[in-house]
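Below is one structure, written out as C-alpha cells; the observations come after it.
Small disclaimer: the values here were computed from a predicted structure and weren't measured. Throughout, protein chains are lettered first and strands after them, A, B, ... in sequence-line order, and every chain is numbered starting at 1.
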Amino acid sequence: MSHCRKRCKRQLTKVFRFFYRFLTGTLEKDSVEDDFELSTVCHRPEGLDKLQEQTKFTKKELQVLYRGFKNECPSGVVNEETFKTIYSKFFPQGDSGAYAHFLFEAFDTNKNGSVSFEDFVIGLSIILRGTINDRLNWAFNLYDLNKDGCITKEEMMDIMKSIYDMMGKYTYPCMQDEAPREHVESFFQKMDRNNDGVVTIDEFIESCQKDENIMQSMQLFDNVI
Amino acid sequence: MASGVAAWLPFARAAAIGWMPVANMPMPIAPTEKNKRADELIVLNVSGRRFETWRNTLDRYPDTLLGSSEKEFFYNEETKEYFFDRDADVFRAVLNFYRTGKLHYPRSECITSYDEELSFFGIIPEIIGDCCYEEYKDRRRENQERLMDDDEDKKDAKLPNMTFRETMWRAFENPHTSTMALVFYYVTGFFIAISVLTNVVETVPCGATPNTKEVTCGDRYTVAFFCMDTACVLIFTVEYLMRLFAAPSRYRFMRSVMSIIDVVAILPYYIGLVMTDNEDVSGAFVTLRVFRVFRIFKFSRHSQGLRILGYTLKSCASELGFLLFSLTMAIIIFATVMFYAEKGSTSSKFTSIPASFWYTIVTMTTLGYGDMVPKTIAGKIFGSICSLSGVLVIALPVPVIVSNFSRIYHQNQRADKRRAQKMQKARLARIRISKTGSSNAFLHSKRNGLFSEALELTSSIEEEQHLSKNQSLLESQHHHLLHCLEKTTNHEFADELCYEQSYLEGALQSYPSQSPSLSSQEGMTGTCCTRHTKRNHAPLPNSSILTCALSHTHPHHNLQELSTIHIQPLNTSRSSLNMRVDEPARLNCQSGTITTAIISIPTPPATTPESDAHPPPPGPALQNVVKVSAL
C-alpha cells in the first residue's frame, strides 16, 4: 500500500514539474539521471616474481597468460558475466552458462564475486602443473557445490546437467531427458563405496585412482600450455 | 573458431578437468604441436612503417593473407621482416582486426582504397563491426551511384546497327543526341507555350466596339484562335503518334504518365470537333476546355525540376496524407466549437457546421478573408486559439516535404533502400554462417578426422596431408576439446538437419519398414554428413533436396564412392570453404557398415539424379522420406 502511495506521489510531482516547466517556458529537457557508477575498478596483480613462487609456471608462460587475460578483461578482474561470455565462445552449439558458473565458483577462492589474475593463475597451475592428486582434489572441489566435503546426488545432478547442456540440442543420438540421471547413477555406483548416498573426498580419490581411464585422462593436462 | 578469445583456449581446456572423473569412456589423444616454437615477434614493414606483433596474433585467422603461409611470399631475407608495399594507414585497421577481433572502417579513408586493401589481405568486409558498418555501407552506396551515373552518361552512346525505330526513340528520350532531335524538342516546347498562351489570352476582354458589351478576344477573333488551336493540336497529335510508334513497348508507353497527359491535352479538341452542333452538351463542352490547361504539364518532359517536384510529391504522399488528415481533424473540431459558440448570437453567419468549415479553413491558413467573423466572446476566444493552432499544424509537415525534396534531389531513391535491405539480409546471412562456421568446422574436421584415420591404414600420405593441412594448431586443440566433451557425455555433436533426420527416424521406427531387403538386413548407420548449404530452418519435408551420405563402405566392396549431390554453397565462410572435401574420397574402413543415402524430397517421386544408388523402392514414400541404400 505504501509502495502504491509512493508511486502516486512520484507521478504527481512529475506532472506538477512538467506543467511548471511548460508555463514558464524552460527549454531544458528533464535532467539526466546521473548514474555515475564508478565502474573503473582496476586491479593489478602482484609482481611476476611473487606469482612465479606461488605457481609452477615459468615467467614466459605467466606473461602469455597475463596478456590473454588482460586482453579480455582490461580492468584486471573477471566478473561472472564476462567469464560466462568467454566460455560460451568455445561452445557455440550449447549453453555453457551453468558449467561456467560452477567453474567461476571454483576459481573464485575468496568468494568476492570476481576472479583476479592471481586466482586465475593459481587455479590453472593446480590443474595444469599439479600432481594427479592435486587435480583430483580440484575436481572434487568443483563438484562439491556447497563445500561441505561430500558430493550429494543433487549436486552431481546439477553438474551433470550443466555438462549435458553444453552439448546443445542437436546431438547424435538424440539427447534423452534421462541421460544425465543415468549418468549420475553410474557415477555413484562407481564412486560411492559404502553406499551412503554421498561421495566423500577419500572415496572419490580412491575410486579415481583405481580407474584407468580417469588416470589416463588426467595426464592430458600436462602439455596444455 | 573463437579467435577473439584464442588466448583463453588453455583455460577452456584446463576447465575440462570437470569432465574427466565423470566420463565413462577414454578421452581422445590431444594434438601435439609438431614444431613447438616459443611465441615470437614478427615485424611487418608496410611502406616503411614498421608494425610488430606476435606471431600467434596473426595465426588467429588462418584464412587471410597474414595468417597463412601466403605472407612468406613477402618475406625479406636480408632485413628479416615482411615487407608490404601498401597503404600504411589502412594497414593499421587491418592489424587491429587481428588484435581485437573487430574490423573498423576509418572514416577518413576512401572507400575504394579500403576495399582494395581488404581484398589484398584476404579479409571480407562483411565482418566490419556494427559501430562502423553503417558508415561503410553508406559510402559504398554513394560510390556505386556515382558509378551508375557514369554508366547512364555512357548510355547515350550510339550503338551500331540501331533500327530506325530505335533511333527515333533515342532521339525522343535524349534530345541532345542529334540535331534533329534538338530541333524537334524546341519546336514542341515552343508550341506548348503558344498553346497555353492562346488559352489564356482567349479569355481576356479585348477592346469593345461601341454599342456592344465587352467581348473576350476569343469571341472576337474566333477564326484566328481556332486556327492556332488546330495547329497546336495537330503538332501534339503527330508527336504523340510518333512516340507511340517508336516506343519499345507500346503498352507500357500508353500506361505511362506522360502519355496520359498528352492524350488528355489533345482529346478535348477532338471531342469539341465532334460535338459542336449539339446545344445540350455545350455546357459540358465548355468544361472540357478546362482540360486544355493540362498541356502545361507537357513541360515536365522539358524540365528536370518539374519531374523532381513530381517525385517529391509522390514520395511524401504519406506525409501529405497525414497533413490532410490532421487538418481535417482540426477543422472539424474547431468548426463544431465555433458553431456552438456562435449559435446564440443574432444574425450569425455560422449557420451550420459545414458553413463553419469555411471559417475554420480560412482562419487556420491565416488567410482571414473577413467574410465570417465571430461576434460572441466565446467565439472570439476559440477563434484566436484556432488561428494560433493553424499556424502550427500547417507548419509542421512542411520541413518534411522540403527535406524530402532535397533528399530526392541528391538521388536517394526507394530503389536504394530496397537494395540496402537485400544487402542487409545477405550480410546477416554471411555473418551467421561465419559464426556457425566454428561448429560446422568441427563437424567437417570430424569427418576429415575419420578420413584421415582410415587413410592411415591405407597409408596414403599425400591425401592425409592434403586434408589436414588447413587446420591450425588452435583449431585442432579446440576440436580436441569438443571431442572430449562428446566422449564425456557419450553423445555426438550433429547438424540440425541430421538431428531432425534422426528424430524422424526415431519416429519412423514405428512404421513397418518398406525399404528393400538390403537395408532391412543390415540396418542403418551412423554419422550423418550433411552438406547443407542454404540454412533452411524449415522442417524436413519442406527442405530442398539434401543428401545425407555416409562414406563408410563395406569391406568387401572395395572401391566405393558414393557420389554426393553437390549443391554449391551460397555464401560460405572462408574457413568452411577451405575445409570442404570436394573429391569423393576412397576409403577402406574397418567398420563394415552399409552406405545409406537418405534423400528427402518435397514431392513423392524420388529423384536421385546423380547417385549410383539402386532405384528407389517401389513402395510409397513414407512422409516424403525415401530411403535409398547404395552399395
Side-chain angles (χ1 to χ4, degrees), chain A residues 60 64-65 67-69 71-72 86-87 89-94 99-100 102-103 106 120 123-124 127-128 135-136 138-140 142-143 156 159-160 163-164 166-175 179-180 183 186-187 190-191 204 207-208 211-214 216-218 220-221 223-225, chain B residues 2 4-30 32-33 36 38-39 54 56 99-100 435-436 438-439 442 477-478 480-482 484-500 502-503 506 526-528:
Chain A
K60 266 214 157 29
V64 168
L65 280 172
R67 283 204 294 265
F69 185 84
N71 228 0
E72 277 306 307
I86 296 172
Y87 201 66
K89 293 214 177 104
F90 292 103
F91 301 97
Q93 275 197 331
Y99 190 68
F102 297 134
L103 278 177
F120 180 70
L124 274 188
I127 301 175
L128 299 178
R135 292 175 186 168
L136 290 175
W138 202 91
F140 185 84
L142 174 70
Y143 295 149
M156 203 59 216
I159 301 259
M160 197 64 73
I163 296 181
Y164 273 79
M166 279 198 283
M167 288 296 293
K169 197 170 92 146
Y170 302 115
T171 60
Y172 183 83
C174 290
M175 186 76 73
H183 207 144
S186 74
F187 176 80
K190 201 167 40 163
M191 300 277 166
F204 182 72
S207 314
C208 286
D211 189 333
E212 221 184 80
N213 278 340
I214 298 182
Q216 206 178 13
S217 54
M218 281 296 160
L220 266 181
F221 295 102
N223 51 0
V224 164
I225 286 204
Chain B
V5 288
W8 284 66
L9 186 60
F11 156 72
R13 300 182 69 206
I17 193 172
W19 313 337
M20 302 302 157
V22 175
N24 296 326
M25 305 200 312
M27 291 292 140
I29 310 171
T32 51
E33 308 166 26
K36 179 176 180 144
D39 203 3
W54 298 107
N56 279 351
R99 291 190 180 126
T100 61
K435 271 195 192 145
T436 55
S438 56
S439 52
F442 177 58
Q477 286 180 341
H478 189 205
H480 174 253
L481 184 67
L482 293 172
C484 282
L485 182 61
E486 280 184 344
K487 284 269 188 272
T488 310
T489 55
N490 211 2
H491 285 71
E492 286 175 15
F493 284 111
D495 271 328
E496 288 176 36
L497 298 153
C498 275
Y499 167 74
E500 280 164 357
S502 58
Y503 192 75
T527 12
C528 318

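With chain A as partner, the option from Ala23(B), Gly18(B), Pro10(B) having the largest number of non-hydrogen pairs under 4.5 angstrom is Gly18(B). No other option in Arg135(A), Glu212(A), Met191(A), Met175(A) has as many heavy-atom pairs under 4.5 Å with chain B as Met175(A). In terms of heavy-atom pairs under 4.5 angstrom with chain A, the leader among Met25(B), His480(B), Arg13(B) is Arg13(B). Counting heavy-atom pairs closer than 4.5 Å to chain B, the top-ranked of the candidates Ile163(A), Leu103(A), Asp211(A), Leu136(A) is Ile163(A). Chain B forms more heavy-atom pairs under 4.5 Å with one residue of Trp138(A), Phe140(A), Phe187(A), Phe120(A) than with any other, namely Phe120(A). Among Val22(B), Asn24(B), Leu485(B), the residue with the largest count of heavy-atom pairs under 4.5 Å with chain A is Val22(B). Note on Tyr99(A), Phe204(A), Phe102(A): by heavy-atom pairs under 4.5 Å with chain B, the leading option is Tyr99(A).
No side-chain donor-acceptor contact under 3.5 Å links Tyr143(A) to the backbone of Met156(A).
For the residue pair Ala139(A) and Ile17(B), the shortest heavy atom distance occurs at CB-O, 4.3 Å. Leu128(A) and Ala14(B) get closest at one heavy-atom pair: CD2-CB, 3.9 Å.
Inter-residue side-chain proximity for Cys484(B) and Pro28(B) is flagged as met; some heavy-atom pair is nearer than 4.5 Å. Side-chain contact check for Thr488(B) versus Met27(B): some heavy-atom pair is nearer than 4.5 Å. The shortest distance between side-chain heavy atoms of His491(B) and Tyr164(A) falls below 4.5 Å. Residues Met167(A) and Glu492(B) have side chains not in contact (no heavy-atom distance under 4.5 Å, counting atoms from C-beta outward).
Of the atoms belonging to Ser186(A), it is side-chain heavy atoms, and not backbone ones, that fall under 4.5 Å from chain B. The parts of Cys174(A) that come within reach of chain B are both its backbone and its side chain, each placing non-hydrogen atoms under 4.5 angstrom from that chain. When heavy atoms are compared at a cutoff of 4.5 Å, Lys169(A) approaches chain B by way of both its backbone and its side chain. Of the two parts of Ala179(A), only the side chain, counted from C-beta on, holds a non-hydrogen atom closer than 4.5 Å to a non-hydrogen atom of chain B.
Ring-centre distance between Phe69(A) and Phe11(B): not below the 6.0 Å cut-off.
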